[in-house]
Structure formats: structure tokens, C-alpha cells
**Q** 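Sharing a structure below in C-alpha cells format, with a few things to ask.
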There are 2 protein chains.
Amino acid sequence: MKSNQITIKDIARELDISPSTVSRALKDHPDISPKTKKQVRELAEKLNYQPNSIALSLRSSKTNTIGVVIPQIEHFFFSTVISGIEDVAYAAGYSVIVAQSNESYEREVMDTQALFNNRVDGILVSMSRETTDYKHLESLHTRGIPMVFYDRVCDSINCSKVVVDDFDGSYQATKHLIEQGYKRIAHLAGPYSLTMFRQRLEGYKKALEDHGLPIDENLILQENASNDETLAKELTKELMAMKNRPDAIFANTDIAALGAMITIKEYGLKIPGDIGIVGFSNWRFTALTEPTITTVSQPGFEMGQEAAHLLIREIEAKKDQVIEPETKILKTELVVRKSSVLK
Amino acid sequence: MKSNQITIKDIARELDISPSTVSRALKDHPDISPKTKKQVRELAEKLNYQPNSIALSLRSSKTNTIGVVIPQIEHFFFSTVISGIEDVAYAAGYSVIVAQSNESYEREVMDTQALFNNRVDGILVSMSRETTDYKHLESLHTRGIPMVFYDRVCDSINCSKVVVDDFDGSYQATKHLIEQGYKRIAHLAGPYSLTMFRQRLEGYKKALEDHGLPIDENLILQENASNDETLAKELTKELMAMKNRPDAIFANTDIAALGAMITIKEYGLKIPGDIGIVGFSNWRFTALTEPTITTVSQPGFEMGQEAAHLLIREIEAKKDQVIEPETKILKTELVVRKSSVLK
DNA sequence: ATGAAAGCGCTAACAG
DNA sequence: CTGTTAGCGCTTTCAT
């Protein structure tokens with residue numbers, strides 16, 4: 001098929017020297033005479049010789065490819081992460097293979113396996129919302145595949161991780177609501193199987209505590225494994241139907257924030273004012289014209305860069321060298337629009 | 001490094017047969033005795049043998065990988081396309097390598113070259129906004145690399161393409177504005193080097209014509225190669241500053257629509273009503289609470305699926321078989337929110 | 001029904 | 001300084 005590709009042999013034949021000499025000349029090996037080097041380089045240039053990366057991979061058992069398992073590409077945050085990964089990987093000479101789990105555990109297992117079979121040099125993982133069993137990841141890690149988690153990390157595996165400071169972000173967001181005068185703040189939680197969601201709950205609780213507000217477990221609703229607008233709307237309705245209804249909502253995802261916002265407007269309530277909303281997310285909410293929602297913005301691009309960097313560092317470490325797992329914690333940014341500061 | 005991976009040789013040694021027999025047994029070759037097959041399969045299973053895909057690639061000069069050149073992953077539309085590509089590719093046993101041009105011509109050239117060097121079996125391309133020279137793509141196509149364009153296609157290369165019916169979408173959107181009573185509709189155009197933007201302009205003009213409205217070239221502003229909010233805002237200001245200012249805006253991108261919307265609100269004008277806006281885009285505008293903008297929604301996921309399908313069909317065609325290039329035209333959907341229908 | 005050998009493209013030890 | 005040889009893991013004639 002692509003048999004028309006120039007190989008080292010072609011150059012050797014043309015110049016009537018051996019393939020090894022060509023190979024050496026091309027890598028500027030000191031043994032080769034300047035004259036030969038020049039000839040080889042010029043011919044290679046002329047024929048537009050491109051080394052066959054597959055042959056290289058087979059020999060070196062290195063593919064210069066990193067695999068990325070991502071829950072949902074369409075999510076603005078995650079696409080931003082990919083962008084960051086690409087940025088660093090590309091600069092370091094690596095290709096990026098993307099596998100999307102679509103928040104499905106089963107799919108995640110298949111993806112990691114497929115990436116491994118594709119002989120990626122290392123793997124970047126953010127777990128699906130469904131994942132509670134870590135065998136598929138543990139087995140890869142045990143086999144020595146360089147692995148770095150980002151955002152949705154697995155606590156029980158001892159490798160490098162890049163996370164957002166969820167506790168702090170959640171604390172700041174809650175504090176912001178309190179400072180705006182809200183007193184009964186509901187929390188639309190995510191699945192507790194993911195550390196980040198537990199930490200956000202903790203940050204929320206701590207902020208209430210520090211400001212002398214009670215923690216009302218009735219105001220803490222979980223949206224479980226799913227992440228859909230409909231559910232968020234239902235939960236919001238539940239909250240609005242309470243006798244002593246909340247005056248603010250802390251949403252753990254953009255979808256949840258959106259669902260809450262829509263529902264509350266249907267009740268004819270004003271945001272902010274009647275109800276305050278903080279959304280832990282970072283899609284384009286921040287750019288909206290009606291910036292009723294304060295957003296905890298997550299540094300996706302930096303997260304991708306950092307994760308790729310840690311992974312490549314590990315991949316390229318000498319065999320005998322021990323790399324200490326490292327956990328990077330990135331700060332969030334609270335994006336407050338002027339119009340949302342009032343009550 | 002990964003020398004602990006089981007190979008065919010290991011199985012052969014263990015069973016005291018030759019590697020070729022193992023290979024054949026694994027592929028259920030009719031020559032091999034049932035007994036041997038059983039032994040081999042069981043041992044392979046037990047040792048968790050996984051064929052080395054690189055060795056396979058080297059032999060077959062097929063990588064089962066497709067390369068995707070995409071302008072901007074973060075853009076909702078494009079991330080949706082990737083999702084569609086992944087969906088089909090994965091099901092057909094292909095991996096997906098993503099390269100992001102970031103709307104840069106230079107980067108696009110490097111990306112296509114890098115993908116080619118990575119020996120992808122085929123390539124899916126959507127051109128950057130900057131691209132006006134097609135040599136890098138033509139050369140790949142000439143060399144016989146299966147190639148399919150999606151969304152931002154290159155007219156001068158004769159291969160399969162998947163596009164949105166931009167003319168029709170634009171026509172419908174403009175018609176919609178006209179039917180709402182708007183009469184002076186501005187057009188924020190994209191770079192005419194990309195066919196889609198030219199077609200959208202045509203659709204817009206045709207709709208005006210069909211409804212007996214004049215085409216005012218002063219109302220057609222181009223935002224050139226860039227796609228930033230600031231520029232869109234400036235152009236909108238220009239429009240608003242006109243003595244005989246437009247009463248509606250047709251924006252070619254989400255960013256442009258957003259910029260226009262913000263600017264117009266700054267002027268204290270109501271949308272819709274004072275000014276109507278139609279955005280040719282499909283990010284989450286459609287989900288907003290204040291759905292002032294009518295959106296021409298593009299079928300990203302289907303586009304990805306379709307493109308991947310066409311490409312894989314071509315990749316897997318027999319060497320002698322001639323595949324006729326095919327162009328798929330997907331329909332857009334006009335998403336009209338109730339509140340935007342009034343004037 | 002099975003094995004031996006060659007080769008995909010490249011590199012690196014080992015000879016000169 | 002350069003060539004010969006072997007081998008990465010796999011498949012596939014060609015023998016037997």
C-alpha cells in the first residue's frame with residue numbers, strides 16, 4: 001500500500017553503502033566520515049525520507065504516544081484539559097490518543113485495556129462518575145505503565161495526580177454566598193465515590209461552620225451518578241417545595257447549576273436576590289450576558305499541561321531511577337459578576 | 001521495559017511447538033488440529049496474551065489508527081464531532097489521534113505531517129481559518145493517504161467530504177428573521193477562504209432577494225481570519241453607529257453572536273424586539289435561560305460519525321477497488337425559543 | 001498437521 | 001570508518 005515510502009535501504013542502495021552506515025549518518029554518529037554524512041543527508045532530504053515510526057517503536061518498544069481517558073470530551077472543562085495535554089505532549093514529541101469513557105465504567109475498562117494494547121507509553125486518567133472498582137487501573141499500574149490521574153483521581157493508587165483544590169474552591173464559593181447574606185444554602189452534591197465531590201461537600205460544611213451557620217442535612221441532595229439537567233430540576237423543585245426553603249444553591253456541576261437556574265426562574269424568583277446560585281464548573285457561564293451565577297472556575301488547560309508534564313517525566317525517567325509520585329493541587333478562581341453581588 | 005509482555009514465542013516454548021503453529025492456532029487456521037488449537041487458546045487465555053499491535057503494524061503496514069486534524073477542541077461543535085468520530089472508529093477497531101491546529105495554518109501543516117509520520121491509516125481534516133494554501137493536504141492526497149474533509153472542506157481536492165448545508169441553514173435563519181419583521185439584517189461574515197462562509201453569505205442574500213429585500217453591502221462586515229469576541233463587539237458598534245442602522249444581525253459564529261448580543265445590550269436595546277439575532281453555531285446557546293438568540297444548530301456528532309464512516313470505508317477498500325468520493329450534506333436545525341419570536 | 005525461514009524497517013553489538 | 005549480523009513480534013510462503 002504505502003510501499004512507495006522511502007526507506008534506509010533505498011538510500012543505501014542508491015549510494016552503494018550499507019543500511020547501517022545510512023542509519024548512523026542520519027543520527028550524526030561520530031564514526032561516520034563527514035563526506036558520507038553529507039551525501040546521505042542530502043539524498044535523504046532529496047527523497048524526502050521519513051523514518052518509519054512503527055519500525056522504531058518495535059525496536060525500542062516505545063511509541064511516543066500517550067493515552068488519555070476522559071469522561072466527556074464535549075464538556076468544556078475536559079476539552080480544555082485535552083488542549084493542555086496536547087500542548088505539552090506535542091512539544092515533547094508525543095502523540096495523543098483520546099478515549100472517551102462517556103462516564104461509563106464498562107467503557108472505561110475497555111478504553112484502558114485498548115490503550116494498553118496500543119502500547120501507549122503512558123496513560124492519563126480521569127475516572128468516570130460510575131467507577132467504584134479500580135482493578136483495571138491497579139493492574140495497569142502494577143504492570144509498571146506510567147500513569148497520572150487528573151481531576152477525578154483514584155486515592156488507592158500511589159501515582160502522580162493533578163487535582164483542583166476542591167475544598168478551598170468550595171469553601172470560597174460558600175463563603176461568598178454567606179457574605180452576600182444568604183443563610184440557608186442548599187448543596188447539590190455529586191457522587192461521593194469521587195473524592196472531589198466529597199471534598200467540595202467538606203469545604204461547604206466548613207464554610208458554614210466557620211460562619212456560625214448550621215448544617216442542615218435536608219439541604220444536601222445528591223444527584224448520584226447521573227449528571228442530567230432533568231434531575232437537577234427535580235431536586236431544585238424538591239428544595240423549593242420545602243416549608244423552610246433554602247435561599248441559595250451550591251451546585252456541583254454546570255448542568256446542575258443550569259437546571260437550578262431555569263427551575264428557579266420558572267418559580268418567578270429572582271437570581272440573585274431571592275435565590276443565590278454558585279456553580280462549580282467552568283464552562284461559558286462566565287461569558288454570559290445575564291451573569292446571575294457565580295462560578296468556581298477550574299484551570300483545565302493548566303491541569304492538562306501539568307498532567308502531561310508529570311507523565312512524560314515519568315516515561316522518560318531512566319529505568320533505575322525512582323520517580324516519587326507527586327500531587328499537584330491547582331487553585332480555582334471565583335468568578336463573580338458585578339450584577340450577582342446584591343441581595 | 002515492557003519486556004514482561006507475553007509473546008507468541010513464550011506460548012510456543014511452553015507448549016513445545018513452533019511460533020508459527022501458535023500464530024495459526026490463534027487465528028483458527030483450518031490446518032491446525034483441534035487439540036493444538038485448544039491447548040494454545042487456553043494457555044494464551046491463562047497468560048493473558050495480547051498480540052503486539054506494533055509488530056502487527058510493521059508487518060501489515062496498517063496501524064488501525066486514524067488521525068484527526070481539528071481547529072479547536074474546546075469549541076463545542078468540534079468536540080461533538082470528535083465524539084462522533086470516536087464512536088464510529090472505536091466500534092470499527094480504530095484508535096483516534098487528535099491534533100489541534102488552533103486555527104493556525106502553520107500548525108496545521110505540522111500536524112498533518114506529524115500524523116502522516118505516525119503512519120495513520122487515514123486522516124480526517126477540517127481546515128483552519130487561516131488556511132488558503134493547500135499543498136500540505138494535496139501532497140498527502142496524491143500519495144494516496146485516505147482523506148476525508150469535514151465541515152471546513154477544501155474544494156480543490158477530490159475526496160470525500162461531509163458538510164453542513166450552510167446555504168440552506170443560512171437561508172432558513174435569514175428567512176426566520178424576515179418573518180419576524182426585521183428588514184435591515186446585517187451579516188457578520190467569516191473568512192471567504194472557507195467555502196462554508198461563502199455559502200452562508202449566499203444563503204443570506206438569496207433569502208433577502210426572495211423576500212424582496214435589498215442587499216446592502218454596507219451591512220456585510222467580515223471578521224476575517226480571527227474569531228474573537230472583541231472584534232465582533234467592534235463590528236457591532238460600527239453597525240449600531242450607522243445612520244440607518246440594521247434591525248437584526250446574522251452572526252456566523254457563536255463568539256460573534258455573543259459579542260453582538262453583549263454590545264447591543266450595552267446600548268440598552270432589547271433582544272429580540274429592537275434587534276434580532278441569529279447565531280450560526282451550536283454551542284450551549286440553545287440551553288440558555290434567556291434565549292434571545294435563535295440558533296442554527298449544526299449536527300456535529302452525526303458529522304463525526306459520517307466522516308469516520310467514509311474514511312474507514314476508504315481505508316478498508318481493496319487495493320484494486322476504486323472508491324468514488326462522496327459528499328454528504330447534513331441539514332441544520334433552526335432552534336427558535338418562544339421568547340425570541342416577537343417584534 | 002506442523003516447522004523453518006524470511007522479512008516488515010530499523011539499530012546496535014561485533015567485526016574488521 | 002564501514003559492513004555484517006541479529007533481532008524487536010508477528011505472519012506467511014515453502015517445505016516436509
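Note on naming: letters A, B, ... go to the chains in the order of the sequence lines (proteins, then strands), and numbering restarts at 1 for each one.
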**Q** Atom CD of Q50(A) to atom P of dC10(C): distance rounded to whole Å?
**A** 11 Å

**Q** In whole angstrom, give the distance that lies between atom CZ of R13(B) and atom P of dG9(D).
**A** 11 Å

**Q** Identify whether any heavy atom of I54(B) sits under 4.0 Å from a base atom; if not, whether one sits that close to sugar-phosphate; answer base, sugar-phosphate or nothing.
**A**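 Result for I54(B) = nothing.
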
**Q** When you look at CD of E326(A), are more than 12 heavy atoms from neighbouring residues, nucleotides or ligands closer to it than 6.0 Å?
**A** yes

**Q** Can you confirm whether V148(B) sits close enough to S160(B) that some side-chain heavy atom of one is under 4.5 Å from a side-chain heavy atom of the other?
**A**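 Yes, at least one pair of side-chain atoms sits under 4.5 Å.
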
**Q** Please report the end-to-end axis angle for the helix from dA1(C)-dT16(D) to dG16(C)-dC1(D), five pairs per end, rounded to 10 degrees.
**A**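 Axis-to-axis angle, ends of the helix: 60°.
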
**Q** Roughly how many Å is it from CD1 in I8(B) to C1' in dG9(D), rounded to a whole number?
**A**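 I8(B) atom CD1 is separated from dG9(D) atom C1' by 8 Å.
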
**Q** May I ask you to test the R24(B)-V40(B) pair for a side-chain heavy-atom distance under 4.5 Å?
**A**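 A side-chain contact is absent here, since even the closest heavy-atom pair is not under 4.5 Å.
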
**Q** Can you run down the salt bridge (charged side-chain N to carboxylate O under 4.0 Å, His left out) pairs that involve residues 11-22 of chain B, sequence neighbours left out, and say none if there aren't any?
**A**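 Qualifying pairs, neighbours excluded: D10(B)-R13(B).
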
**Q** I need the CZ-P distance between R119(B) and dG9(C), as an integer number of Å.
**A**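 So the CZ-P distance, R119(B) to dG9(C), works out to 9 Å.
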
**Q** Is there a donor in the side chain of H136(B) and an acceptor in the side chain of E108(B), or the other way round, less than 3.5 Å apart?
**A** yes

**Q** Should R41(B) and D28(B) count as side-chain neighbours, where that means a heavy-atom distance under 4.5 Å?
**A**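 In contact.
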
**Q** How many Å lie between CG on L56(A) and C1' on dC8(D), as a whole number?
**A**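 Value for this atom pair: 12 Å.
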
**Q** Please list, by residue number, the residues of residues 19-41 of chain B whose heavy atoms come closer than 4.0 Å to an atom of DNA chain D; answer none if no residue qualifies.
**A**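 Within residues 19-41 of chain B, the residues near DNA chain D are S20(B), S23(B), R24(B), K27(B).
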
**Q** Check nucleotides 6-8 of chain C against the protein and report each pair of N or O atoms closer than 3.5 Å, with its distance, or say if there are none.
**A**
residue	atom	partner	partner atom	Å
dG7(C)	N2	R59(B)	NH1	2.8
dC8(C)	OP2	K9(A)	NZ	3.4

**Q** For S126(B), give me all partners under side chain to side chain contact (heavy atoms under 4.5 Å, CB included), at least two apart in sequence or on another chain.
**A**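 With sequence neighbours excluded, S126(B) shows a side chain to side chain contact (heavy atoms under 4.5 Å, CB included) to P71(B), F78(B), Y150(B), D151(B), R152(B), given in chain and number order.
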
**Q** Would R107(B) and S128(B) count as a side chain to side chain contact (heavy atoms under 4.5 Å, CB included) if you check the C-alpha gap in whole Å, the side-chain angles of each, and the deciding distance to 0.1 Å?
**A** CA-CA 9 Å; R107(B) 181 69 186 252; S128(B) 89; over 6 Å; no

**Q** Could you give the CG-to-C1' distance, from N117(B) to dC10(C), as a whole number of Å?
**A**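 Distance check: N117(B) CG to dC10(C) C1' gives 15 Å.
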
**Q** Whole Å only: how far is the NZ atom of K62(B) from the C1' atom of dC10(D)?
**A**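 Result: 16 Å.
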
**Q** Can E42(A) and K38(A) be said to form a salt bridge (charged side-chain N to carboxylate O under 4.0 Å, His left out), step by step?
**A** CA-CA 6 Å; E42(A) 281 173 359; K38(A) 186 154 176 292; 3.2 Å; yes

**Q** Would you please name every residue forming a ring-ring contact (aromatic ring centres under 6.0 Å, His included) with H309(A), sequence neighbours left out?
**A**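 With sequence neighbours excluded, H309(A) shows a ring-ring contact (aromatic ring centres under 6.0 Å, His included) to no residue whatsoever.
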
**Q** Is the shortest heavy-atom distance from the side chain of I85(A) to the side chain of V98(A) under 4.5 Å?
**A** no

**Q** Using only side-chain N and O atoms of Y49(B), determine if any of them is under 4.0 Å from OP1 or OP2 of dC10(D).
**A**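 Yes, within the criterion.
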
